[in-house]
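Each chain gets a letter, A, B and so on, in the order its sequence line appears, and its residues count up from 1. On a predicted model such as this, the values are computed, not experimentally measured, just so you know.
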Amino acid sequence: MKKIQNVTLSKKNVGETVELYGWVAKKRNLGGLLFIDLRDRSGIVQLVVRPEDAVYEMAETVRNEYVLKVEGTVLERESKNDKLATGEIEVQVEGLTILNTSLELPFEVSEDTTALEDTRLKYRYLDLRRTRLQEIMRLRHKIALATRNFLDKEGFLEIETPILCKSTPEGARDYLVPSRVNDGKFYALPQSPQIFKQLLMVGGMEKYFQIAKCFRDEDLRADRQPEFTQIDIEMSFVEEDDVMDVAERLVASVFKEAKGIEVSLPLRRMKYTDAINLYGSDKPDLRFDMPIEEISSIFTNTEIAFLKAVLEENGMINAIVAKNCADKYSRKEIDKLTDYVKTYRAGGLAYLKLEEEMTGSIAKLLSDKEKSEIISALQLEKNDMVFIISGKKEIVKTSLGALRLKLGRDLELIDKTKYEMLWVVDFPSFEYSEEEGRFVACHHPFTSPKDEDVNKLISDPGNCYSKAYDIVINGYEAGGGSIRIHNQEVQNKMFEALGLKDEEIKEKFGFFVDALKYGTPPHGGLAFGLDRLTMLLAETENIRDVIAFPKTASASCLMSEAPNIVAEKQLEELHISLKK
RNA sequence: GGUUCCGUGGUGUAGCGGUUAUCACGUCUGCCUGUCACGCAGAAGAUCGCGAGUUCGAUUCUCGUCGGAACCGCCA
């Protein structure tokens with residue numbers, strides 16, 4: 001007799017004696033005839049116990065989530081259940097051991113449980129017994145396994161990098177770890193293995209990868225956790241195309257191995273500037289189109305005061321068109337959309353409807369010429385709805401981009417069975433930080449500029465673009481990376497452009513900058529968000545669904561109640577005193 | 001740091017300035033030999049998150065607080 005996984009049982013096993021282990025998912029006592037659904041990781045099989053069976057009395061006492069060992073004979077069922085993989089058979093129980101009992105549960109361990117997420121998070125170990133989460137954990141495992149297999153075949157080495165690191169104040173906030181043996185000093189948990197993976201290239205490892213835990217002490221979102229996992233990759237002697245080639249073949253391999261989805265390569269590429277202009281996002285969801293249209297020029301001689309003011313202040317007027325939707329939007333709903341775009345700092349939302357005539361918030365103020373220009377520029381047809389936002393470029397693009405996504409969802413324009421992947425390339429090297437009053441690195445200060453922009457780093461930083469690329473799937477940034485600077489002169493120019501003084505460079509990146517002076521090969525890489533890839537393949541928008549023990553939006557764990565207050569003695573040992 | 005929403009038996013919900021606090025699932029007891037959302041009958045189970053205020057009276061209104069969710073900022 002051998003231990004058997006439930007779902008491996010089928011009609012071909014009829015007559016065999018088997019040994020099963022699992023949990024009681026459900027008991028149905030028909031008054032004599034007793035059915036128990038036994039669940040293990042593989043699924044459910046029905047046990048049957050009859051009054052004349054020796055184990056009947058014991059079987060009557062089992063409750064939900066009791067842990068059982070069962071010996072029995074596989075029988076063909078009198079009435080089949082096509083909802084179950086094992087629905088053609090059942091197991092007649094001959095030997096029964098209750099391996100453990102269970103308290104009454106805080107919620108039902110079933111797919112249609114009504115328990116809300118916070119309840120499920122508090123008892124995560126119970127939630128993990130549900131098929132949905134078991135499937136996701138299996139999927140996540142498959143993704144990691146496919147990644148390792150693929151990268152191994154491509155000649156990559158998996159190398160671990162430190163978790164206790166030096167704090168680098170650029171970028172996200174670090175999680176800090178006090179050092180007991182170094183009074184007053186702190187380690188930082190890595191935001192990513194960025195510096196170490198580049199040092200591995202300096203160290204001659206040529207092709208590295210790691211499935212690496214990363215930590216960022218920033219505010220959370222539905223797709224962001226304080227600790228998350230990256231598939232981190234770095235390669236020597238490569239240019240952009242080489243990295244993108246390996247990366248997209250990796251994605252294709254993962255989609256194929258983990259879920260049987262064919263991805264056709266090469267992926268399309270879109271310049272950052274185009275992504276922003278057309279979709280108002282550096283991670284456009286291309287499962288539907290609805291591009292943002294620039295219509296400023298139509299309003300050169302406008303009578304509309306607020307639009308005139310926008311244009312005088314170097315702002316722009318952009319629109320998106322919801323085809324054949326004019327009758328779907330009442331005043332009330334447009335007000336809701338207006339509130340929505342205001343959260344993205346848009347000043348307001350103007351709209352036009354092409355009905356018998358053109359109507360809408362600004363229709364009365366438009367000249368006939370302007371109306372006809374709008375119709376031809378936007379190729380409007382009857383019953384089309386136009387949403388218009390005006391103002392500063394950045395705000396117009398992001399708010400219309402957000403509105404586009406909302407309309408796409410609300411109007412069900414998104415084909416959820418589809419995966420739309422693309423590379424967004426040629427990111428700007430710098431962005432101007434109002435807060436700091438200077439240009440800051442868009443990616444990080446070791447990102448290589450485009451060859452043709454090297455000479456503009458100092459004279460015209462706002463027009464420099466970098467060898468950086470993000471892979472975007474269904475509107476999620478699934479991964480991103482860049483070619484790094486390996487040339488000392490270029491690196492110095494970059495620091496100069498960022499306004500970093502020598503002492504600052506030494507203090508912030510000292511050992512790393514030194515290392516780059518000792519024969520650094522040309523190199524580059526990227527990192528995928530393993531959590532986000534899993535979300536995409538699991539078809540969930542909640543990152544907590546794909547992490548075994550996730551944290552809430554306030555970065556705490558409802559189950560273990562981390563973080564917690566620690567004993568005064570612990571703090572003393574760490575040379576820490578807390579502000580009262 | 002900001003905005004919005006939520007908190008009622010174990011779970012999920014209804015509700016209201018004065019109720020015996022609604023319903024479903026679950027639990028327990030009894031009956032029931034082919035169920036698989038088993039069925040039938042009955043029972044137990046609630047500090048209405050916590051604190052203060054308004055009020056004759058607060059689960060309900062107000063403020064605070066704690067917890068949860070989404071978004072903006074933030075996330076090189």
Can you check the distance between [N] and [M], where both ends of the measurement are the [atom1] atom (answer in whole Å)?
N     : M     : atom1 : value
B:A58 : B:G17 : P     : 15 Å
B:G67 : B:G57 : P     : 31 Å
B:C75 : B:G15 : C1'   : 43 Å
B:U59 : B:C71 : C1'   : 30 Å
B:G53 : B:U60 : C1'   : 15 Å
B:G2  : B:U20 : P     : 44 Å
B:G10 : B:A44 : C1'   : 12 Å
B:G9  : B:A14 : P     : 13 Å

Flag if over 12 foreign heavy atoms under 6.0 Å of CD, A:Glu507: no
Under 3.5 Å, is there a donor on one side chain and an acceptor on the other for [X] and [Y]?
X        : Y        : value
A:Arg484 : A:Ser482 : yes
A:Gln230 : A:Ser192 : no
A:Ser42  : A:Asp40  : yes
A:Glu117 : A:Asn542 : yes
A:Thr131 : A:Gln134 : no

A:Phe446/A:Phe509 under ring pair (Phe, Tyr, Trp, His ring centres under 6.0 Å): CA gap, chis, key distance, verdict: CA-CA 10 Å; A:Phe446 310 106; A:Phe509 315 108; 5.2 Å; yes
Please give the nucleotide sitting opposite [N] as a Watson-Crick or G-U wobble pair, both distances under 3.5 Å, or none.
N     : answer
B:C63 : B:G51
B:C38 : none
B:G9  : none
B:G26 : none
B:A44 : none
B:C16 : none
B:A69 : B:U4
B:C75 : none

Contact pattern, 5' to 3', of nucleotides 34-41 of chain B - B, S or - by protein heavy atom under 4.0 Å: BBBSB---
Heavy-atom protein contacts under 4.0 Å, nucleotides 66-74 of chain B, coded B base, S sugar-phosphate only, - none: --SSSSBBB
For atom [atom1] of [X] and atom [atom2] of [N], their distance in whole Å:
X        : N     : atom1 : atom2 : value
A:Phe107 : B:G12 : CZ    : P     : 10 Å
A:Glu65  : B:G10 : CD    : C1'   : 15 Å
A:Asp53  : B:U33 : CG    : C1'   : 12 Å
A:His444 : B:C75 : NE2   : P     : 15 Å
A:Glu60  : B:C31 : CD    : C1'   : 12 Å
A:Asp174 : B:C75 : CG    : C1'   : 12 Å

Interatomic spacing from CG in A:Leu220 to CZ in A:Phe228 - rounded to 0.5 Å: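 The distance works out to 10.5 Å.
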Over-ring placement of A:Arg404 relative to A:Phe288, 6.0 Å and 45° cut-offs: yes
A:Glu240 with A:Lys467: basic N within carboxylate O range, under 4.0 Å: no
Salt-bridge criterion met for A:Asp37 and A:Arg28 (N-O under 4.0 Å): yes
N/O donor-acceptor pair under 3.5 Å between A:Lys197 side chain and A:Ile233 backbone: yes
N/O donor-acceptor pair under 3.5 Å between A:Lys27 side chain and A:Val62 backbone: yes
Contact under 4.0 Å: A:Thr114 side-chain N or O vs B:U13 OP1/OP2: no
CA sep, side-chain torsions, deciding dist, call: A:Asp232, A:Tyr208, side chain to side chain donor-acceptor pair (under 3.5 Å): CA-CA 8 Å; A:Asp232 196 44; A:Tyr208 142 93; 2.9 Å; yes
Candidate pair A:Lys26 and A:Ile44, rule side-chain contact (heavy atoms from CB on, under 4.5 Å), full reasoning: CA-CA 10 Å; A:Lys26 193 88 192 176; A:Ile44 281 176; over 6 Å; no
Identified salt bridge (Lys or Arg N to Asp or Glu O under 4.0 Å) partner of A:Asp223 from the options A:Arg544, A:Lys283, A:Arg532: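 Of all the options given, the one that passes is A:Arg532.
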N-glycosidic conformation, B:U29 - syn within 90 degrees of 0, else anti: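 Base orientation relative to the sugar is anti.
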Residue from A:Leu34, A:Leu96, A:Val91 passing side-chain contact (heavy atoms from CB on, under 4.5 Å) with A:Leu47: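 When A:Leu34, A:Leu96, A:Val91 are each tested with A:Leu47, the side-chain contact (heavy atoms from CB on, under 4.5 Å) holds only for A:Val91.
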Between the protein and nucleotides 4-9 of chain B, list every N/O to N/O distance that falls short of 3.5 Å.
none

Below 3.5 Å between N/O atoms, which protein atoms pair up with nucleotides 28-30 of chain B? Just atom names and distances, please.
{"residue": "B:C28", "atom": "OP1", "partner": "A:Arg63", "partner atom": "NE", "Å": "2.4"}

Earlier contact from the 5' end, RNA chain B, for A:Thr113 and A:Ser192: A:Thr113
Set of side-chain hydrogen bond (donor to acceptor under 3.5 Å, both in side chains) partners for A:Asp53, sequence neighbours left out: A:Gln92
Give every pair of a protein N or O atom and an N or O atom of nucleotides 43-48 of chain B that lie under 3.5 Å apart, one pair per line with the distance.
none

